[in-house]
K.L.:
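I am attaching a structure below and will ask some questions about it afterwards.
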Amino acid sequence: MNSSVSPRQNADLLELKYAHWCEDQSSVEPTWAAFFEGFELGSAQVKRKEDAAAASTGSSAPASDADLAFFGKVVSLIYNYRTLGHTQAAINPLSVPERNPRLKIEQFGLSAADLDREVWNAFFRHGDRMKLRDMVTALEATYSGKIGFEFMHIHNTTVRHWVRERIENHALHLDQSPSKKLSSLRWVLEAEAFENFLGKRFLGEKRFSNEGGEGAMILLNVLLEACPSSGVKEIEMGMSHRGRMNVLANFVRKSLTTVLYEFTPNYEPDLVAGDGDVKYHLGYESVRELSDGNVRVSLAANPSHLEAVNSIVEGKARARQRVLSEEAGEIDRGRVLPILLHGDAAFAGQGSVAEVLNLSQLKGYRTGGTIHLIINNQIGFTTSPADARSTDYATDVAKMVEAPILHVNGEEPMELYWAALFALEFRQKFGRDIVIDMYCYRRQGHNEADQAAFTQPIIAKKIADRPTFGVIYKQQLVAEGVISQADLEALEQSIWNTLEDGYQKMVALQEAGDRTAFSGSTGVVQPTYSHAPVATGIAAEQFQKIGKVLTTTPAGFNLNPTLEKRFIPRRAEVLANGGPIDWAFAESLAFGSLLLEGKPVRLSGQDCRRGTFSQRHAVFYDYETRERYIPLEHLDSTQAKFCVHNSFLSEFAVLGFDYGYSLSYPSMLTLWEAQFGDFANGAQVIIDQFISSAESKWQTPTDLVMLLPHGYEGMGPEHSSARLERFLQLCADKNMIVGNFTTPAQYFHALRRQKHRDYRKPLVLMTPKSLLSRPEAVSHESDFTEGTCFQEVLPDPMVFANPAEVNRVIFCSGKVFYDLVAARDEKGIGNAAIVRIEQLYPFHEDLVKAIIGVYSNCSNFIWCQEEPRNMGAWSYIAPRLEEVAGSKIRYAGRGTASSPAAGSKAMHYREQKALVARAFEI
């Protein structure tokens with residue numbers, strides 16, 4: 001063994017090699033094989049000595065030398081059951097499992113003649129002695145029962161041994177108490193009755209029922225009831241549409257009258273604003289009152305895009321953990337439990353699942369472990385597992401984070417009960433993800449109007465001929481004497497009466513015309529957007545205080561020589577002279593000012609600590625030790641929390657996470673930065689289905705900031721465009737703010753404005769690249785201090801002696817402004833004004849009209865942009881400018897193109913020069 005590694009690493013390596021040797025003695029190197037043979041021999045010798053001692057007292061006969069090889073075979077048998085027992089477990093309620101030939105005793109050199117021989121193993125049943133046949137029976141019951149366990153892929157021996165001990169104790173001590181059985185029965189009957197009631201009252205209405213998967217209600221309710229004693233105060237949930245209505249009504253406890261009203265043909269959401277969404281996408285939040293404490297339960301709203309909501313739930317959970325920790329004075333991720341419900345086909349098929357799993361142990365994104373519940377219908381719409389994945393199980397992707405996986409028979413209530421408690425205990429102890437894969441089936445088609453028999457005729461017939469889970473279980477409990485027939489009938493009638501009463505109440509309210517009783521929303525209604533300026537300037541003293549901290553490092557800290565000689569001195573000089581202030585400094589000043597006001601800040605994204613363009617340096621690293629120092633954490637003893645996290649290489653999951661974070665921590669400024677804006681479309685589902693539309697659909701506002709580096713500088717089609725046109729296409733009803741700024745001060749004020757208004761809107765910014773260091777693209781201290789604010793439109797900085805002589809107004813946004821000014825100065829043009837539309841949406845029509853109104857004789861209006869004609873802002877802005885100017889708007893920019901930018905720098909410069917020249921010529 002290697003002496004240069006830790007004892008734990010040596011132990012882990014030893015156990016891994018031993019496991020391989022037990023499975024196949026030829027799979028390890030000869031030296032390892034010899035070592036394990038000696039180990040097995042020594043273990044057998046211990047047994048022989050114990051037997052000899054026992055024999056001396058007359059209690060048993062000593063072992064013979066033939067026991068030596070036999071002992072190794074038994075160890076291999078145990079190891080293989082732990083590894084492969086799940087492959088023959090009775091987890092599928094629709095079929096009898098096939099025996100795995102690799103687990104026949106003959107595979108290990110054993111025979112029927114050995115079954116009555118006495119065996120033992122120190123790591124199975126605490127070394128209890130038993131006959132081999134009893135050991136095989138015990139292994140069958142433990143690893144090939146109604147739960148199939150996968151845990152041997154866990155490398156951490158502490159975690160793996162803990163899991164193993166719990167599993168092997170479970171087989172001995174499964175709690176079968178009547179109270180647990182009766183609770184489980186009620187949950188199953190409530191779920192079945194709900195679906196039956198909807199089917200009868202609202203025939204043909206889509207509800208995406210969970211018929212066949214009612215066991216999920218046992219899992220959820222057991223988790224809920226165990227939360228108070230486990231220290232869980234809140235549950236953050238996400239799930240798709242399958243079974244969602246049942247979960248909303250019976251678990252989250254959304255008003256039954258509202259749920260039923262949403263199924264009526266006259267349903268219309270009682271919205272102050274927005275368009276609403278279909279009933280099986282809506283979220284809800286409630287406080288479940290339990291005997292030993294209350295638990296807040298929040299089910300996130302979600303689109304039909306499967307698994308898209310996962311990262312949002314994780315972000316919400318972490319934010320709530322932060323909020324509760326601030327209240328309690330310490331971080332305890334155990335207080336908020338994320339639960340994600342998945343479908344089997346989606347869990348295996350959607351790449352976002354792997355992305356979210358990868359978040360689970362990252363410092364800036366971990367949530368203390370997530371419990372994943374897979375409602376394994378064994379089908380995806382019409383696609384069978386054989387066509388839906390290349391792996392044995394839908395859950396195999398979860399092995400990447402070494403999550404334990406429990407494949408559970410969905411019609412075994414007590415096994416489901418135990419699995420839920422085990423999962424919560426594991427999560428609370430180790431802060432890691434765990435998966436419960438509940439095997440069940442789908443009694444209906446994909447929806448209630450769909451016929452599964454079209455594509456799955458055999459399985460559909462088997463399901464149709466099969467009694468429901470509720471029928472099977474209630475008959476079992478009556479037969480066991482757990483409940484009498486009379487009490488059962490009373491229970492079922494009570495459940496049905498509750499549904500009928502809710503329906504009759506809904507009908508009465510509907511006939512009375514009282515729709516307010518059906519609001520059933522936990523969404524947020526906020527004031528409408530206003531163009532009114534917001535005072536966001538700061539005091540000069542505060543400006544200097546923040547700047548001083550940003551240019552100071554602790555004594556003895558070895559700053560990188562380049563930063564020490566150039567970065568810090570340049571900032572110190574700027575601070576002393578009141579400018580010129582660049583974009584990165586302006587950003588840090590904005591962050592610092594918010595922190596001092598008690599408003600926390602979170603910045604997340606790929607390489608965002610340093611910044612893609614080495615501009616930010618929010619974190620300093622000691623050049624000798626790599627110790628970190630974050631200046632913005634040292635502004636004041638009473639400041640708010642500043643978090644800056646380099647993300648892993650994902651857009652989809654990380655943007656979703658930060659969006660979710662912003663929902664649950666509204667006082668924090670939450671920012672996500674793309675490495676390049678071009679890569680943001682890797683998260684297009686999050687942008688389209690959540691950020692741009694969630695307020696309209698679900699009344700869930702956010703003020704998340706998206707920083708998308710954008711600009712044409714000859715870097716090719718994948719490093720030029722954040723696809724501004726796509727964001728503008730999504731704009732309506734004042735749903736978000738889209739900007740392309742030209743000065744650092746504008747950026748500063750826009751960031752501060754996000755936290756100084758009484759409403760919340762996403763802020764999507766085309767952030768600079770070359771402007772980060774362009775000498776003209778700077779601001780001065782006077783642009784940041786009291787009395788200043790963000791300006792949605794900027795007039796031409798040139799002072800015209802006679803504005804009436806201006807015969808050309810060029811509108812633009814972003815970097816091209818500086819190219820236009822340079823060309824105008826070079827050519828000595830004195831009759832062309834350049835107006836910057838800093839905020840493209842919402843468009844400030846009145847301000848634009850006021851600015852161009854001074855050019856009373858101008859009739860030539862141009863829009864200039866760097867992007868191709870079919871991209872950028874042109875299609876969006878042209879009709880708006882024409883309405884304001886009362887004149888046709890001419891276009892100066894690149895021609896239409898299928899690719900955002902040229903791959904050749906020479907071509908880029910030629911196109912750029914031509915479009916700028918055209919702005920002054922057409």
K.L.:
Just wondering, do Y818 and S770 contact through their side chains at under 4.5 Å, heavy atoms?
P.N.:
no
K.L.:
Do you know the tightest heavy-atom contact between V644 and C608?
P.N.:
CG2-SG, 4.0 Å
K.L.:
Can you list the steps and then say if F741 with F790 is a ring-ring contact (aromatic ring centres under 6.0 Å, His included)?
P.N.:
CA-CA 10 Å; F741 304 157; F790 177 75; 5.1 Å; yes
K.L.:
For H617 and F567, I'd like to know if the aromatic rings sit close, meaning centre-to-centre distance below 6.0 Å.
P.N.:
yes
K.L.:
Should S352 and E307 be marked as a side-chain hydrogen bond (donor to acceptor under 3.5 Å, both in side chains) after you check the CA-CA gap, both sets of side-chain angles, and the distance that decides it?
P.N.:
CA-CA 7 Å; S352 59; E307 308 296 337; 5.7 Å; no
K.L.:
Considering all heavy atoms of both residues, which atom of S721 and which atom of D678 are nearest to each other, and what is their separation?
P.N.:
N-OD2, 2.8 Å
K.L.:
Indicate yes or no: at least one non-hydrogen side-chain atom of E234 is less than 4.5 angstrom from one of R335.
P.N.:
no
K.L.:
At what distance, to the nearest 0.5 angstrom, does OG of S593 lie from CZ of F784?
P.N.:
10.5 Å
K.L.:
From L550 CG over to H634 NE2, what is the distance, rounded to the nearest 0.5 angstrom?
P.N.:
11.5 Å
K.L.:
Decide yes or no for V401 and N358: does some side-chain heavy atom of the first lie under 4.5 Å from some side-chain heavy atom of the second?
P.N.:
no
K.L.:
Check the orientation of Y365 and F657. Use parallel for under 30°, tilted for 30 to 60°, and perpendicular for over 60°.
P.N.:
perpendicular
K.L.:
Counting C-beta onward and ignoring hydrogens, is there a side-chain heavy-atom pair between F727 and M706 closer than 4.5 Å?
P.N.:
yes
K.L.:
Is Q689 reaching over with its side chain to a backbone N or O of P303, donor-acceptor style, under 3.5 angstrom?
P.N.:
no
K.L.:
Work out which heavy atom in S664 is nearest to a heavy atom in V323; give both atom names and the distance.
P.N.:
O-CG2, 4.0 Å
K.L.:
Under the ring pair (Phe, Tyr, Trp, His ring centres under 6.0 Å) rule, collect the residues that match up with H844, sequence neighbours excluded.
P.N.:
H531
K.L.:
Count the heavy atoms belonging to other residues, nucleotides or ligands that lie under 6.0 Å from CG of D733, then report whether that count exceeds 12.
P.N.:
no
K.L.:
Within the structure provided, determine whether P338 and R427 are in side-chain contact (heavy-atom separation under 4.5 Å).
P.N.:
yes
K.L.:
With sequence neighbours excluded, what pairs up with H719 under the ring pair (Phe, Tyr, Trp, His ring centres under 6.0 Å) test?
P.N.:
F676, F679
K.L.:
Contact between L671 and L751 at the side-chain level, heavy atoms closer than 4.5 Å - yes or no?
P.N.:
yes
K.L.:
Apply side chain to side chain contact (heavy atoms under 4.5 Å, CB included) to E326 and list each qualifying residue two or more places apart in sequence or on a separate chain.
P.N.:
R322, Y665
K.L.:
Would you please classify the geometry between the H342 ring and the F347 ring as parallel, tilted or perpendicular, with 30° and 60° separating the classes?
P.N.:
perpendicular
K.L.:
Is the distance between the ring centroids of W672 and Y661 less than 6.0 Å?
P.N.:
no
K.L.:
Please determine whether the number of non-hydrogen atoms from other residues, nucleotides or ligands lying under 6.0 Å from atom CZ of R774 exceeds 12.
P.N.:
yes
K.L.:
With respect to D703, which candidate in R757, K755, K761 satisfies the salt bridge (Lys or Arg N to Asp or Glu O under 4.0 Å) definition?
P.N.:
K755
K.L.:
Between T367 and A317, which heavy-atom pair has the shortest distance, and what is it?
P.N.:
CG2-CB, 4.3 Å
K.L.:
So do E867 and H710 actually touch side chain to side chain, heavy atoms under 4.5 Å?
P.N.:
yes
